[in-house]
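Lettering of chains follows the sequences in order, A, B, ..., and the numbering in each one begins at 1. Bear in mind the structure is a predicted one, so any value in this text is a computation, not a measurement.
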Amino acid sequence: MSQKVITRFAPSPTGMLHIGGVRTALFCWLFARKHGGTFILRIEDTDLSRSTDDNIRIIEEGMAWCGLDWDEGPIVGDPGQWKGPHGPYRQMQRMDLYKSKIQELLDKGLAYRCRCSREALDERRKAVEAAGKVFQYNRGLDAGKGCADAHHDASRPCAIRFRMPVDGDIVVDDLIKGETRFPAESLDDWILARTGDAPGEIGVPTYNFCVVVDDTHMAVTHVIRGDDHLNNTPKQIPLFRAFGYELPAFAHVPMILGADGAKLSKRHGATSITEYQAMGLLPSAVRLALARLSWTPKIDGRAVESAEEELLTDDQMIQLFDLADCQKSAARFDMDKLNWMNQKLIQRATWQELEPHLRPFLPAAWAEKPDAWKALAIQATQKGKSLTDMAEALRFAFAPPTTFDEKAVEKFMTPAIKPALAEVRGLADYTHAGLEAGFNAILAKHGLKTKDLAQALRVALCGKPVSPGIFDTLMLVGREGVAARLERWL
RNA sequence: GGGGCUAUCGUCUAGGGGUCAGGACACCGCCCUUUCACGGCGGUAACACGGGUUCAAAUCCCGUUAGCCCUACCA
């Protein structure tokens, strides 16, 4: 690769950052990082009705949470400002460029003004469809009814259409899908720019036009996007040619489906990245799980083949990433595997790494706890599947239980256990070894089994027969807390 | 309707003419155990269908079926 790799993720601000979009962004990011290239974030806000500053902020925050840092694009929290030499990175701020490029096409006769009203178009569409055919502007049954060869009425606002080739195939050479051919006759003259406000004025350009102009002017070398855009590519390629632009490389990544094989949507529970954040998932786990959908990392030409190898770090992913190892088919989102990866990454993280992620799920009192206590707390609950599990497991460490599991009380709070329980108050050495020694002494003295005392203690300290290791539990509650919580059972 | 993409265990996938069709998650069983977990060991489970080509097809070709995408003055 002679030129510097530049990829871009170009979401439209619709109110949330979709998990599928994040996956696409991840591939762009991985590819750019792998090749020492640049990753651009571009906001496609030409749909005026949906684009707001708030919606843009949602994208920025979602990307940031996922650890997908962009080299060029908007500056977080400062709408309208950007970093990078190819700005601005919001399409609505690029209107002047678009309009001059459209004028260029008009001047060259490669595009033309269309004054057909929506109503007229609808009517013609209906008529053609009634005849069992596809409506194609100025093609097929609609031939001769277009504005291409007519003198447009300069007194009326008009849209701009692109003159598409009529014969032959348009070939898309895709890095993932391979070569695909689209018959030119299956496409028609599409709209470059919507109807302007005043006669002669060029309106807001459409997606297919903006991408071509932006990708070229931002020097994007690899267009990596969802395969729902594969069908748009044959519309865009003739436009690249009309401008005399060089074609970027294309890679269309498969969609992510819901567990039922249908398109991932609200009814599958979570589509927005913020929902995954709220579930207590580590961003690194989300990255891993998303990357492994439709991508099989190959180590020395061999697919990963053990649980250990599945758990790739970001660095390994970057090093291993290759579009050639991507699947052509759509993948279903596998929440089970994400949870497993999350658990594994939680287990192998140091407490310092985990702390900032865990903090938002814990009560404010967490902030006042000393580091040693935090380290113990995190380690004691690191078997959890998620940060929310960990936070739940730690509840007892912040406040005495208010309710008690009835069955557990009945089973473990036997009269025989009370004397032993009373003696636990006397334990003074609150180190793991100290507690273990004292605990065993009490056991021996009363002829109890570990389980008997441990479970009774759990009920007294946590209200339920489930907690971290009993000595960890004691240390987390602390000597005074233990004494206080034991009181009501003696 | 037209055009495009896709099709291996429940899920993610390896394998691209000869494999007992391999792995991971999930599931089930056993072991470990101070609870819940973790962990260890083992197990169930797949080439969508129909035709070709070939000594031989999950693998190549052609159909069919199913799913998805595009077919907007959405992106």
[N]: pairing nucleotide in any strand, Watson-Crick or G-U under 3.5 angstrom:
| N | value |
| --- | --- |
| B/C74 | none |
| B/C60 | B/G52 |
| B/C25 | B/G10 |

Look at [X] and [N] and indicate whether a side-chain polar atom (N or O) is within less than 4.0 Å of OP1 or OP2.
| X | N | value |
| --- | --- | --- |
| A/Thr180 | B/G4 | no |
| A/Gln327 | B/A14 | yes |
| A/Ser294 | B/U13 | yes |
| A/Lys385 | B/C36 | no |
| A/Lys328 | B/U6 | yes |
| A/Arg194 | B/A75 | yes |
| A/Lys263 | B/C69 | yes |

Establish whether the base of [N] is bridged to the side chain of [X] by a donor-acceptor pair shorter than 3.5 Å.
| X | N | result |
| --- | --- | --- |
| A/Asn231 | B/C69 | yes |
| A/Arg458 | B/U35 | yes |
| A/Asn232 | B/A75 | yes |
| A/Lys337 | B/A24 | yes |
| A/Thr195 | B/C73 | yes |

Rounded to the Å, how far apart are [X] [atom1] and [N] [atom2]?
| X | N | atom1 | atom2 | answer |
| --- | --- | --- | --- | --- |
| A/Phe250 | B/G4 | CZ | C1' | 15 Å |
| A/Phe182 | B/C5 | CZ | P | 6 Å |
| A/Ile43 | B/C74 | CD1 | P | 19 Å |

Does any non-hydrogen side-chain atom of [Y] lie less than 4.5 Å from one of [X]?
| X | Y | answer |
| --- | --- | --- |
| A/Val223 | A/Arg8 | yes |
| A/Asn208 | A/Phe162 | no |
| A/Arg194 | A/Thr206 | yes |

[M] and [N], which share atom name [atom1], separated by this distance in whole Å:
| N | M | atom1 | result |
| --- | --- | --- | --- |
| B/C73 | B/C12 | C1' | 41 Å |
| B/G2 | B/A58 | P | 32 Å |
| B/G43 | B/U53 | C1' | 40 Å |
| B/A37 | B/A21 | P | 37 Å |
| B/G51 | B/A45 | C1' | 29 Å |
| B/G40 | B/A26 | P | 12 Å |
| B/C55 | B/A14 | C1' | 28 Å |
| B/G63 | B/C47 | P | 24 Å |

Of the listed nucleotides ([options]), which one gets closest to any side-chain atom of [X]?
| X | options | answer |
| --- | --- | --- |
| A/Leu293 | B/C12, B/G4, B/A24 | B/C12 |
| A/Gln347 | B/C38, B/G3, B/A24 | B/C38 |
| A/Lys344 | B/G4, B/G39, B/A75 | B/G39 |
| A/Ala159 | B/C12, B/G3, B/C73 | B/C73 |
| A/His229 | B/C12, B/A75, B/A7 | B/A75 |
| A/Arg118 | B/A26, B/C74, B/C69 | B/C74 |
| A/Glu310 | B/C38, B/U13, B/A24 | B/A24 |
| A/Lys298 | B/C36, B/G23, B/A14 | B/A14 |
| A/Thr206 | B/G4, B/U13, B/C73 | B/C73 |
| A/Ser186 | B/U35, B/G3, B/U11 | B/G3 |

Is B/C31 in the syn or the anti form, by the rule that syn lies within 90° of 0?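 Glycosidic conformation of B/C31: anti.
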Do we see a donor-acceptor contact under 3.5 Å between the side chains of [X] and [Y]?
| X | Y | result |
| --- | --- | --- |
| A/Asp214 | A/Tyr98 | yes |
| A/Arg225 | A/Thr233 | yes |
| A/Gln236 | A/His229 | no |

Comparing A/Lys451 and A/Asp325 on RNA chain B - which has the more 5′ nearest nucleotide: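 On the 5' side of the pair lies A/Asp325.
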Would you kindly compare A/Arg292 and A/Pro465 by the position of their nearest RNA chain B nucleotide and give the one closer to the 5′ end? A/Arg292
Locate the shortest heavy-atom distance separating A/Ser467 from A/Arg458; write the atom from each residue and the value. OG-NE, 2.8 Å
Counting the benzene-type ring for Trp, do A/Phe27 and A/Phe9 have ring centres under 6.0 Å apart?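 That pair fails the under 6.0 Å test.
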